[in-house]
Amino acid sequence: MGRGKLRIYLGAAPGVGKTYAMLSEAHRRVERGTDCVVGFVEHHDRPRTEVMLHGLEQVPRRELAYRDAVFTEMDVDAVLRRAPAVALVDELAHTNVPGSRNDKRWQDVEELLAAGIDVISTVNIQHLESLGDVVESITGVRQRETLPDEVVRRADQIELVDMSPQALRRRMAHGNIYKPDKVDAALSNYFRPGNLTALRELALLWVADRVDEYLTEYRSEHRVSAIWGSRERILVGLTGGPEGRTLIRRAARLAEKGAGGEVMAVYIARSDGLTSASPKELTVQRTLVEDLGGTFHHVVGDDIPAALLDFARGVNATQIVLGVSRRKSWQYVFGPGVGATVARDSGPDLDVHLITHAEAGKGRGLPVARGARLGRARVITGWLTGVLGPVVLALLLNTVDLGLANDMLLFLAVTVAAALIGGLYPALAAAAFGSLLLNYYYTPPLHRLTIADPRNIVALAIFVGVAVSVASVVDLAARRTHQASRLRAESEILSFLAGSVLRGETRLEELLERVRETFGMESVALLERESDVAPWTCAGRVGGGRPVGRPDEADVDMPVGDHMALALSGRVLPASDRRVLAAFAAQAAVVLDRQRLQHEAEQARALAEGNRIRTALLAAVSHDLRTPLAAIKAAVSSLRSDDVAWSQEDQAELLQGIEEGADRLDHLVGNLLDMSRLQTGTVTPLIREIDLDEVVPWALGGVPEDSVELDVPETLPMVAVDAGLLERAVANIVENAVKYSPPGARVLVAASALADRVELRVVDRGPGVPDDAKDRIFEPFQRHGDAPRGAGVGLGLAVARGFAEAMEGTLNAEDTPGGGLTMVLTLRAVDALRAPARLAEPERQVS
């Protein structure tokens with residue numbers, strides 16, 4: 001059975017109609033005869049949504065008890081047993097109640113997909129993990145329920161459910177989203193027009209990016225080379241000169257004019273002998289491009305205009321930005337230049353912008369021989385010069401009589417021209433053909449292939465020798481120039497590769513993408529296997545095209561050791577490129593090993609931290625827990641002894657000792673369990689709106705009545721917290737303050753509102769804590785000063801801070817004016833949130 005398909009309805013905000021659209025799709029499929037069930041859909045008492053559930057089979061939910069309340073979640077096992085063709089699962093980012101099969105609902109969906117069940121789900125844009133900071137900056141609310149972007153990216157189909165902010169606010173005002181008593185707060189806070197517009201833009205741009213990925217994959221698979229102007233992509237051609245910064249900024253301004261515009265800068269490692277690029281300047285330009293939100297690419301190309309246009313068509317660019325040539329006017333005799341050539345060959349679908357800059361026309365180094373092969377057009381021109389040149393010259397010399405010496409010099413000039421243009425073989429042809437014409441037309445006896453004067457034989461021999469020598473020297477110079485340019489291009493690539501290592505670019509995908517761009521391939525994959533007989537597996541892959549499962553299936557494969565290979569698809573590379581490719585392959589293996597070592601190091605750190613915690617736990621059990629246990633055992637043994645007749649007062653004192661020891665054990669074990677939960681990340685707060693004056697008094701039950709002064713006004717705004725976690729945190733803070741307070745000094749517990757926060761301050765008059773130790777006291781198993789072992793295992797404040805951070809709060813220590821320590825517990829105020837977190841969690845309320 002294959003994997004099921006995932007379809008997601010994506011919305012910009014609660015209430016746009018994701019659940020309604022999902023249920024409408026379900027009804028359409030049921031009408032077509034598809035076996036479709038409802039795994040979990042919450043209608044939130046909305047009549048229209050509730051009506052849409054009629055006629056659809058609903059799998060009974062699973063009931064879970066948590067903190068004296070009963071919650072319902074999707075019964076994954078029941079859905080798997082039912083095995084429908086399609087399952088509807090609402091609110092993909094939902095966090096399951098503790099005790100569920102999985103922590104997140106998207107993990108439940110993964111199980112259904114793995115079982116071959118198609119799933120239709122919903123999610124809001126604010127729940128994507130990568131957008132958490134952006135959404136918080138827009139709405140002022142940090143989303144607690146998020147899911148990895150990759151979960152949504154892997155969806156087989158993403159459908160945007162869009163609605164204008166004005167229409168959504170009208171729906172809200174009509175009571176179609178929240179209950180009437182919460183509408184005014186929602187409209188004035190989270191559902192403000194600016195918030196909704198920004199969230200809508202995020203959703204549209206995110207979906208546009210996904211569509212762009214699909215389009216790129218389609219173009220690669222179907223080998224589409226024509227430019228489709230579906231999105232503005234502006235390509236900046238860099239030479240490494242100082243004008244590059246001007247071009248990058250101009251391209252960024254062009255991109256800003258169109259929504260979703262993208263800037264890509266490309267530097268082509270040039271082999272035409274032009275002035276070398278400055279590595280320092282390229283680094284500056286790379287940083288500038290990335291700061292402006294663009295990307296930098298490094299490509300090898302023998303023909304600069306052709307390489308630039310090929311890259312532009314490969315990335316589906318719509319515009320190219322180039323600088324006006326720095327050459328002086330007389331230097332154009334060597335060719336029209338890169339800008340003019342690109343503009344001429346770009347075609348109707350690719351716009352070319354030539355930007356003036358301060359360096360234009362200031363001159364540059366003279367162009368020399370091309371660093372690559374002479375090229376087909378140049379070789380053909382050389383052959384025409386070598387064959388037709390002597391004929392044309394002979395026809396011209398027949399009209400005038402310049403003498404044999406001058407005739408031989410003119411034929412020698414044609415031979416040298418053929419060598420300069422076409423290389424060795426056209427020059428040899430010109431020398432041979434020219435010597436025959438000289439002998440036949442201009443060396444006595446005329447019109448015969450014989451030579452009467454021996455001196456003319458020497459002259460012809462010298463002519464042929466000089467011609468062959470010049471042709472050989474020109475050809476050798478061209479070869480050496482090609483080799484030097486090739487080595488320079490390779491050194492630039494290798495230098496860039498070494499620089500990427502120094503910059504810390506250690507992601508395998510980035511390196512493989514660099515290989516694909518450098519050699520102009522369709523796809524690049526790093527394959528590995530455990531042994532010679534084991535199957536090949538893909539450690540990393542970029543690009544489209546057909547997937548490669550074995551090195552011998554690729555167009556180019558580069559072995560890396562015995563059990564690893566770099567496989568490239570798209571074209572066959574010349575042997576001269578394999579040296580650079582080998583360097584890339586070796587670096588890919590190093591990057592892969594580094595990633596795995598980093599992963600192993602993280603696991604080792606986690607194990608080391610776990611060992612440290614376990615060691616401390618054992619120390620706590622072996623020392624701190626033994627004291628109350630010994631006291632309890634001694635008291636029980638005394639009470640059970642028949643040798644001593646205990647008075648009622650003595651019995652009461654022994655029973656009191658047993659009770660105090662049991663309370664101490666309960667407190668210690670509770671803190672140990674809480675710290676274990678924090679260390680393993682299993683603390684899942686159940687956030688509710690509560691008043692501090694309802695929770696704080698309960699937290700003071702473990703301290704003497706006259707040891708605390710409470711000042712929590714009833715007029716404080718409500719806070720969004722987990723009541724149980726808050727009670728435990730406050731209890732630990734207060735118990736710690738009472739323990740270090742001097743006899744007769746009361747601990748002050750006061751609360752106040754500050755902007756969008758509520759602060760609870762626990763003030764004691766104890767010895768205080770130095771500034772350098774204020775952070776250490778929150779670490780597990782840390783106790784300040786000379787506190788005796790019996791005072792606890794040093795977990796109270798660590799647990800309190802862990803619980804505070806789990807509720808998105810903070811706990812810090814400050815000095816008390818006049819001496820002592822003040823613990824400041826900061827919590828979120830609900831009145832400042834009146835948005836998704838306040839309104840019954842819209843990520844779970846509205847679809």
Margin query: What's the separation between atom CZ in Arg801 and atom CG in Asn732, rounded to the nearest 0.5 Å?
Written below: 14.0 Å
Check: Does Ile690 offer a backbone N or O that forms a donor-acceptor pair with the side chain of Glu694 under 3.5 Å?
Finding: no
Item checked: Asp149 side chain vs Ser130 backbone, donor-acceptor pair below 3.5 Å -> yes
Note to self: Can you confirm whether Thr822 sits close enough to Val762 that some side-chain heavy atom of one is under 4.5 Å from a side-chain heavy atom of the other?
What the structure shows: no
Notebook entry, point to check: Does atom CD of Glu136 have more than 12 heavy-atom neighbours, drawn from other residues, nucleotides or ligands, at distances under 6.0 Å?
Noted result: yes
Next item on the list: Write down the atom of His127, the atom of Ala93, and the distance for their closest heavy-atom approach.
Entry: CB-CB, 3.6 Å
Next item on the list: Please report the shortest heavy-atom distance between Pro98 and Tyr66, naming the atom on each side.
Entry: CG-CE1, 3.6 Å
Notebook entry, point to check: So, Glu759 side chain and Ser752 main chain: donor-acceptor pair closer than 3.5 Å or not?
Noted result: no
Next item on the list: Compute both the distance and the angle, then confirm whether Arg61 meets the cation-pi test with Phe40: under 6.0 Å from the six-membered ring centre, within 45 degrees of the axis.
Entry: yes
Next item on the list: List for me each residue that meets side chain to side chain contact (heavy atoms under 4.5 Å, CB included) alongside Ser164, sequence neighbours excluded, and say none if there are none.
Entry: Gln166, Ala167, Arg200
Item checked: Within 6.0 angstrom of Glu150 CD, more than 12 heavy atoms from elsewhere -> yes
Item checked: Side-chain touch Thr122/Ile8, heavy atoms, less than 4.5 angstrom -> no
Notebook entry, point to check: Is it true that Lys18 and Asp90 have a side-chain N and a carboxylate O under 4.0 angstrom from each other?
Noted result: no
Notebook entry, point to check: Do Thr49 and Met52 come close enough that some side-chain heavy atom pair is under 4.5 Å?
Noted result: no
Item checked: Nearest non-hydrogen partners of Arg757 and Glu808, listed with the distance -> NH1-O, 3.4 Å
Margin query: Walk me through whether Val135 and Leu199 qualify under side chain to side chain contact (heavy atoms under 4.5 Å, CB included).
Written below: CA-CA 8 Å; Val135 173; Leu199 292 174; 4.2 Å; yes
Check: Taking only residues two or more places apart in sequence, or in another chain, which ones meet Asn102 in a side-chain hydrogen bond (donor to acceptor under 3.5 Å, both in side chains)?
Finding: Asp108, Glu111
Check: What closest approach, in Å, do Val123 and Leu147 show between heavy atoms, and which atom pair accounts for it?
Finding: CG2-CD2, 3.8 Å
Notebook entry, point to check: Say you draw a straight line from CG of Leu811 to CG of Leu825; how long is it, rounded to the nearest 0.5 Å?
Noted result: 6.0 Å
Checklist line | Whether Asp722 side chain and Leu725 backbone form a donor-acceptor pair below 3.5 Å | finding: yes
Next item on the list: Evaluate the side-chain proximity of Leu726 to Leu827: yes if any heavy-atom separation is below 4.5 Å, no if none is.
Entry: yes
Next item on the list: Mark yes when over 12 heavy atoms from residues, nucleotides or ligands other than Glu63 sit less than 6.0 Å from its CD; otherwise mark no.
Entry: no
Notebook entry, point to check: If you count the non-hydrogen atoms of other residues, nucleotides and ligands that lie under 6.0 Å from CD in Gln648, is the total more than 12?
Noted result: no
Item checked: Between Thr146 and Glu129, a side-chain donor and acceptor under 3.5 Å -> yes
Next item on the list: Of all the heavy-atom pairs spanning Gln58 and Leu53, show the shortest one and how long it is.
Entry: NE2-CB, 3.9 Å
Checklist line | Point-to-point distance, once rounded to the nearest 0.5 Å, from CE of Met823 to OG1 of Thr816 | finding: 9.5 Å
Check: Have His94 and Glu73 got a donor and an acceptor in their side chains that come within less than 3.5 Å?
Finding: yes
Notebook entry, point to check: Are the side chains of Ile125 and Leu10 in touch, meaning some heavy atoms are under 4.5 Å apart?
Noted result: yes
Notebook entry, point to check: Can you tell if the side chain of Glu91 reaches within under 4.5 Å of the side chain of Trp106, non-hydrogen atoms only?
Noted result: no
Next item on the list: For the pair Glu805 (side chain) and Gly802 (backbone), establish whether a donor and an acceptor sit closer than 3.5 Å, ignoring hydrogens and angles.
Entry: no
Notebook entry, point to check: Do Leu639 and Ile658 come within less than 4.5 Å of each other through their side chains, counting heavy atoms only?
Noted result: yes
Note to self: To the nearest 0.5 Å, what is the distance between CG on Leu710 and CG on Leu692?
What the structure shows: 10.0 Å
Note to self: Quick one, Leu23 and Leu88 - any side-chain contact, counting heavy atoms below 4.5 Å?
What the structure shows: yes
Next item on the list: List in chain and number order the residues that pass side chain to side chain contact (heavy atoms under 4.5 Å, CB included) with Val703, two or more places apart in sequence or in another chain; answer none if no residue qualifies.
Entry: Leu700, Ser707, Val708, Val734, Glu735, Val738
Item checked: Salt-bridge contact Glu814-Lys774 (side-chain N to carboxylate O under 4.0 Å) -> no
Next item on the list: To the nearest 0.5 angstrom, please state how far the CD atom of Glu42 sits from the CD atom of Glu50.
Entry: 10.0 Å
Notebook entry, point to check: Rounded to the nearest 0.5 Å, how far apart are OG1 of Thr197 and CG of Leu168?
Noted result: 10.5 Å
Item checked: Intermediate values then yes/no, side chain to side chain contact (heavy atoms under 4.5 Å, CB included), Arg62 and Met74 -> CA-CA 6 Å; Arg62 181 186 179 190; Met74 181 175 66; over 6 Å; no
Next item on the list: Assess whether side chain to side chain contact (heavy atoms under 4.5 Å, CB included) is satisfied between Val152 and Leu128, documenting all intermediate values.
Entry: CA-CA 8 Å; Val152 184; Leu128 297 182; 3.6 Å; yes
Notebook entry, point to check: Does Asn96 offer a backbone N or O that forms a donor-acceptor pair with the side chain of Ser100 under 3.5 Å?
Noted result: no
